[in-house]
Amino acid sequence: MDGQELEAFAYHTPPEIRGRKGVQHAVVIVGAGPVGLAAAIDLALHGVRCIVLDDNDRVSAGSRAICWAKRTLEIFDRLGVGERMVAKGVTWQVGRVYHRDEELYSFDLLPERGHKMPAFINLQQYYVEHYLVERAAQFPDLIEIRWKNELVGLRQAERSVLLEVDTPDGRYELEALWVLAADGARSAARRALGLEFAGHVFEEKFLIADVRMRADYPSDRRFWFQPSFDPAESVLIHRQPDEIFRIDFQLGWDADTEAERQPARVMERVRHVVGPNVKFELEWCSIYTFQCARLERFVHGRVLFVGDSAHVVSPFGARGGNGGIQDVDNLCWKLALVLQSRAPEALLESYDCERVRACEENIRHSSRTTRFMTPKTPMERQLRDAVLALAREFPFARTLVNSGRLSRPCSLAGLSSIVADEAAVAGSMAPGTACADAPLVRTDGGPTWLLESIGGDFTVLTFAASAAELGRLEGEQRAAGLDLPLRLLVPAGGIDRASGPSAGLKGRATLLLDAQGLAHERYDGKPGVTYLIRPDQHVGARFGRFDAPRVAATYARSLS
């Protein structure tokens, strides 16, 4: 499969058109892009059934979103497609910034060892969607994808949402307890509710070209300000799988869109970049402007907005697709708990609070990038040019160069949904932080990873000097009525022959060996240090010692 061979998925007449009536569904997801499909899989992993509607019957044409960040890959790994994406994608962690022909500096996004997922991969969106569709098919009793089912109307009742859907066989109505709107920047769900984005439209025009060529180009991200080889204000190049290269050209606000999208003109620009002797084919191109904007709220009654239906940013910094997947990671466990009557509906307000913060952070970074790349006043341009000139010689100026602050997970510290016990000690994994990964060893001697061991449920993670502690800690949890998975990490030498590798392993408790010491280092893992980890693998609370009643109380508060 590549961008020119898009398999059509089968359309089936919906049962409602065949006469089925009166079925109320738990969740309907509008949109079968990466965000909607990821949401369906995440809900299925929590035992929630959903229907996915999409007005198309193919994955996206053109590479579209291509840069997938480490945290997003960790989420995809939990969903069951991360390893496949990394195997196919082009891995990179070094970025290089140029001014005209001169390299100003480079940066390394993951200089330390001991992480399962790389800093970034480049992988075309159509591959990601295809992998997600195949993964969704592994949940036939929980996920139903309805292709060529277009949302044309939506209204909210007191305790449900009514959706009007158009198909090749006519229209029908669906009723759902909850709707996830994952239908992109032109969201039909958003229009149906009369909601509008608030934000700033950037008039600068950009040309994206996907080019197939055999070239000995590195996998590094390379960005040019005012390149000498093209009249564009900036040029960005990324290598993708299948000998495809993404090239972005900043055309300027007054560019003639019709002229610039002509194949001959696009080919001329690409030839300026790759040189006169490199053979290439133009696979896909598009000209776009963009805005940095969002809905005021992401929760509107029983309709929950995720991804581009909730917020849009510039593509520089890879914050769009990555932000959408992180929306899903934040929302789906909460919705599952609500549907299972394990938490009140008020828990969903924390999705709005937490992801609005992340969205504002993404918009702030994207807006600053855009202003640096496209200065609008003589003063802004003078400042930009001065920074670029200084960056040739002075390292301090390089921190001011902004070609896209690349996607990182947002900290939730300070929000009411994060409960930090008063006895918590300071450390790198502060409450609200996304958990760092580290290599571990299972009791059978097999390798594993910390994030794999945590999984997608609330988990108690604690450190001890010896495996002999496991039985006692598990007993204390049971006495406190705390029915959560327990992960006990011990250092090299913490398992002795007397205790045996499986001693004390009962119920939901698991013993793990931190043979390389990286988990202890990253979590300040002194004996007794304990974390309550949320299902989205953010630190919900940290304690200086293991105290099961206190952890149980904190867990209960985190669901309120």
Is it true that a side-chain atom of [X] and a backbone atom of [Y] form a donor plus acceptor pair closer than 3.5 Å?
X: Arg190; Y: Ser309; answer: yes
X: Asp514; Y: Leu489; answer: no
X: Arg355; Y: Gly323; answer: yes
X: Asp352; Y: Arg297; answer: no
X: Asp108; Y: Leu110; answer: yes
X: Asp77; Y: Leu73; answer: no
X: Asp308; Y: Gly184; answer: no
X: Arg381; Y: Lys376; answer: no
X: Arg357; Y: Ser411; answer: yes

Fill in: Neighbour count >12 (heavy atoms, 6.0 Å) for atom CZ, Arg405
yes
Can a salt bridge be assigned to the pair Glu83 and Lys116 using a cut-off of 4.0 Å between side-chain N and carboxylate O?
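Judged by the 4.0 Å cut-off on N to carboxylate O distance, Glu83 and Lys116 do form a salt bridge.
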Can a salt bridge be assigned to the pair Arg371 and Glu380 using a cut-off of 4.0 Å between side-chain N and carboxylate O?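 Looking at Arg371 and Glu380, the cut-off is not met.
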Taking atom types as modelled, find out whether [X] and [Y] have a side-chain donor-acceptor pair closer than 3.5 angstrom.
X: His365; Y: Asn402; answer: no
X: Gln240; Y: Asn122; answer: no
X: Gln125; Y: Glu129; answer: yes
X: Arg78; Y: Gln537; answer: no
X: Arg113; Y: Gln516; answer: yes
X: Ser350; Y: Glu354; answer: no
X: Asp242; Y: Tyr127; answer: yes
X: Arg221; Y: Ser403; answer: yes

Q) Can Glu281 and Met267 be said to form a side chain to side chain contact (heavy atoms under 4.5 Å, CB included), step by step? A) CA-CA 8 Å; Glu281 299 174 12; Met267 297 283 277; over 6 Å; no
Report the C-alpha separation of Val211 and Ile244 in whole Å, then their side-chain angles, then the decisive distance to 0.1 Å, and conclude whether the side chain to side chain contact (heavy atoms under 4.5 Å, CB included) test is met.
CA-CA 5 Å; Val211 176; Ile244 301 291; over 6 Å; no
Quiz prompt | Trace of the side chain to side chain contact (heavy atoms under 4.5 Å, CB included) decision for Phe229 with Val235 | solution = CA-CA 10 Å; Phe229 50 78; Val235 172; 4.2 Å; yes
Any side-chain heavy-atom pair from [X] and [Y] closer than 4.5 angstrom?
X: Glu233; Y: Thr374; answer: no
X: Leu295; Y: Phe305; answer: yes
X: Glu360; Y: Arg294; answer: yes

| field | Gap between atom NE2 of His130 and atom NZ of Lys88 - 0.5 Å precision | value |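 Answer for the NZ-NE2 pair, Lys88 versus His130, is 11.0 Å.
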(request) Could you list all the ring-ring contact (aromatic ring centres under 6.0 Å, His included) pairs where at least one residue sits in residues 66-103, not counting sequence neighbours? (result)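 Pairs touching residues 66-103 that pass the test: Trp68-Phe76, Trp92-Phe120, Trp92-His238, Tyr98-Trp224.
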Original post:
Which pairs, with at least one residue in residues 371-396 and sequence neighbours excluded, count as a ring-ring contact (aromatic ring centres under 6.0 Å, His included)?
Top reply: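 Applying ring-ring contact (aromatic ring centres under 6.0 Å, His included) to every pair that reaches into residues 371-396, excluding sequence neighbours, yields Phe225-Phe372.
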Restricting to side-chain contact (heavy atoms from CB on, under 4.5 Å), what partner residues turn up for Arg269, sequence neighbours left out?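 Residues passing side-chain contact (heavy atoms from CB on, under 4.5 Å) with Arg269: Leu207, Asp230, Pro231, Ala232, Phe249, Leu251, Glu260, Arg265.
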- Show the numbers, then the answer: is there a side chain to side chain contact (heavy atoms under 4.5 Å, CB included) between Arg212 and Phe280? CA-CA 6 Å; Arg212 185 186 298 274; Phe280 64 88; over 6 Å; no
Q) With respect to Gln326, which candidate in Asp536, Thr72, Asn362 satisfies the side chain to side chain donor-acceptor pair (under 3.5 Å) definition? A)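 Checked Asp536, Thr72, Asn362 against Gln326; only one passes side chain to side chain donor-acceptor pair (under 3.5 Å): Thr72.
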Next on the checklist: Does the plane of the ring in Tyr351 sit parallel, tilted or perpendicular to the ring in Phe298? Use 30° and 60° as the thresholds.
Outcome noted: tilted
As a test of understanding, state which of Ile454, Asp457, Val539, Asn330 forms a side chain to side chain contact (heavy atoms under 4.5 Å, CB included) with Arg534.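 Only one option passes, and that is Asn330.
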